[in-house]
Amino acid sequence: MIETLNDPQREAVTLSQGHALILAGAGSGKTKVLTTRIAWLVQNRLASPLAILAVTFTNKAAREMQTRVAAALPINTRGMWIGTFHGLCHRLLRAHSRDAGLPQSFQILDTTDQLAAIKRLLKANGVDDEKYPPRDVQRFINSSKEEGLRSHAVTVDDPFSRQLRDIYALYESQCERDGVVDFPELLLRALELLQRHEPIRTHYQQRFRHILVDEFQDTNRLQYQWLQLLGGGALSIFAVGDDDQSIYAFRGANVGNMADFERDYANGQVIRLEQNYRSHGHILDAANGLIAQNSGRLGKTLWTDAGEGELIRVIEQPTDHAEAHWIVDEIRSLTQEDFGRSDIAILYRSNAQSRVLEHALFSSGIAYRVYGGLRFFERQEVKHALAYLRLASRADDDTSWLRVVNFPARGIGARSLESLTDQARAHGTSLAQAVPRVAGKAGSHLAQFLTMVHQMHQDTQRLSLAETVDQILETSGLRDHYRQQRDGAERLENLDELVTAAKVFELEEELAGLPCGVPREQRGSSAEPDDPEVIPMSPLDGFLSHAALESGDTQAQAGEQAVQLMTVHAAKGLEFEAVFISGLEDGLFPHENSLNESSGLEEERRLMYVAMTRARQRLYLSLAQSRMLHGQTRYSIRSRFLEEVPEAHTKWLTPRATMMGGWLDQSHAGSGSPMKAAAPVGTSNGLAVGGVRFRVGQGVRHPRFGEGTVLALSGLGLDAQAQIHFLDVGTKTLALGIAKLDIIEG
DNA sequence: CGTACGCTTATTTTT
DNA sequence: TAAGCGTACG
């Protein structure tokens, strides 16, 4: 088991105790180290399976770890807590719902549910949603929670933030009443549970002697606090991460946790895993060269003994369409060269770029698969069904109530709901409880609905989970509704799929030997006498939590011999024989929104680093001089990242346009007639407005913003716009007809 | 109650 | 461009 490890890997795996930070570079065997360590600890009786907690970010990673550990150990591994932050916190909250101040059958709000709840709240309280857009409110609430702040703890210094705080407070009480918990709440509640209940805290602190954290660079402050608290009694906290692959700052990840970890656990060791088992030399050295330009790194240089391999190929095409065609042609020859289609990936910075690529792939008949998009449990019809199921479990769940009270339509319109909401507010009850207070025809319709919900609840008591789901699809009228709809066939299939999912869930739970995901040996008499980890949760609640916490695969496509298309973010953790990184243009990658701050640019650079290190043997970097964006043709200069990749590792397949005076020389022999239709008046790469000709790369002066460089041009005539990066004020988009711009000569 | 039209806006995303 | 949202109308 240990023999196949290199020295630093072995050192990491066999640390018997003490905290440690493992800096694990891309492709350095991170997962192997984590799983081998768990197996090693157990096998050498340094830890009981019960003493191990391993935490990841995604269900996929958790599953993989679970499987690999189980494969490495001859014994039952179920006593270990391996899961996502949210999954594990959820488990804690279910086990101690009373102490956590939650109803036994609390439900989980996903991001969309949460937004709906906020919209409802704003409306009910007459908040101006122009001034307080629901999305901003949501961000405020979530980031407050991620800082560990309850509404009362939020500092306010102006009327605006005071109002936000008040909304936050209202939201808290609404959730309380509905018995629902949003994603950040799972973490915050779990933290508070441990903080406030000494016996519970002590129990878990004494239990978990070994804590392992995956993708530590992605943790936020709250997660770090949670780890610190839970790990209060641990022999070892083993945090694995790579600061160079931190690409989620935009959603609250705090790379600083890595440095903090070094400080807070100063006696801990830092081990660097720098041998890369994935990429060939040129690719690796190029990536190293690029990332070296970032400041404040913890420091790490990957190496390989795989040989230098092939040079990185760089391609420049006149348009996004030409770029896509070139890539597709190249893929065709790659497949003749023994590359499997699924060993090839096309990566891009933003989802909008997939269109052109898909179109080109489709018309040449190459099978492809796009990652991302709607996932199973997020589909409208599935969410409707889940809302009914939630009501069957808890009729007081107002969010679910409002979602389906009139879907399918049953004569309960805005008027009826208004009086219901009024009653509920006046008496401080849930909508379900307020039903008897509504008189008249509206009241009887509502009463009918409530009866149906009660009936559904009865059904849950006598039927199995899958039968319940099936039954509810009928009683709710959802099936009928979609049967009548013209294009409802696919939705009906998804509803059937939901029944199947329930069956699978039941089956898996049964295999695991319990109805709710807790190992049997921890339940009933065989467990320690006062084991608090007995989870009182019905199969239905289990299934609903499962649906919320694991929104399902994007689209499990069978017959997987397909080229893989995805964003760079989605590609993290994956690897391919051949990788195309497309759209290497300034403004796109790095993305324009990140250019204002250096931290933004550095994150983009890490993103580029992640993208490059996905490739095993062959890497292509491609760009287009013009591309359709927001319905307008945009002319861009090539990505600064291309300049940052050491030249020794690249080979330009199309003549390299030289940067003359900052703009592109387009005289190269591209394909056919490049800019024919797309080029604006009078020039191949510039825009003429009022007798002044602007070019990408051109230096300009603005009376107020000062000096800057033209990043991109778009539109014609009155629509003509330029995106300009000003030295002092950052990037701005200006209308060329209006802005008083001077060309800086030379 | 459902549809149609017009307006707005436009990274990255897991739980 | 195109999708998503809100309002207005039938």
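Per chain, numbering begins at 1; letters A, B, ... match sequence-line order.
When heavy atoms are screened at a 4.0 angstrom cut-off, Asn406(A) is found touching the sugar-phosphate backbone but no base atom. No contact: Leu347(A) has no heavy atom under 4.0 Å from any strand.
The C1' atoms of dT14(B) and dA3(C) are separated by 23 Å, rounded to the nearest whole Å. dG4(C) and dT13(B) have their P atoms separated by 16 Å, with the value rounded to a whole Å. Between the C1' atoms of dG6(C) and dT11(B), the separation comes to 25 Å (whole Å).
Residues satisfying the side-chain contact (heavy atoms from CB on, under 4.5 Å) criterion with Ser143(A), sequence neighbours excluded, are absent altogether. Checked against side-chain contact (heavy atoms from CB on, under 4.5 Å), Gln448(A) has the following partners two or more places apart in sequence or in another chain: His445(A). Applying the side-chain hydrogen bond (donor to acceptor under 3.5 Å, both in side chains) criterion to Arg120(A), with sequence neighbours excluded, gives Asp178(A), Thr399(A). Evaluation of the ring-ring contact (aromatic ring centres under 6.0 Å, His included) rule for Phe57(A) yields Phe85(A) as partners, not counting sequence neighbours.
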Query raised in the report: Given the rule in the side chain to side chain contact (heavy atoms under 4.5 Å, CB included) test, do Asn406(A) and Arg410(A) qualify, once you have shown the distances and angles that lead to the verdict?
Result: CA-CA 5 Å; Asn406(A) 200 36; Arg410(A) 43 176 78 88; 3.9 Å; yes
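Two rings, from Tyr348(A) and His569(A), have their centers 6.0 Å or more apart.
Residues Pro184(A) and Leu188(A) form no side-chain contact, since every pair of their non-hydrogen atoms from C-beta on lies 4.5 Å or further apart.
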Query raised in the report: What is the per-nucleotide protein-contact pattern of nucleotides 9-15 of chain B, from the 5' end, where B denotes a base atom under 4.0 Å from a protein heavy atom, S denotes such proximity for sugar-phosphate atoms only, and - denotes neither?
Result: -BBBBBB
Report task. Determine, for nucleotides 3-10 of chain C in 5'-to-3' order, which nucleotides have protein heavy atoms under 4.0 Å from the base (write B), from only the sugar-phosphate (write S), or from neither (write -). Result -> S-------
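If you take CD of Gln632(A) and C1' of dA2(C), they are 14 Å apart, rounded to a whole angstrom. Rounding to whole angstrom units, CD of residue Gln484(A) and C1' of dC1(B) are separated by 15 Å.
Relative orientation of the Phe543(A) and His546(A) rings is parallel, given thresholds of 30° and 60° on the angle between their planes.
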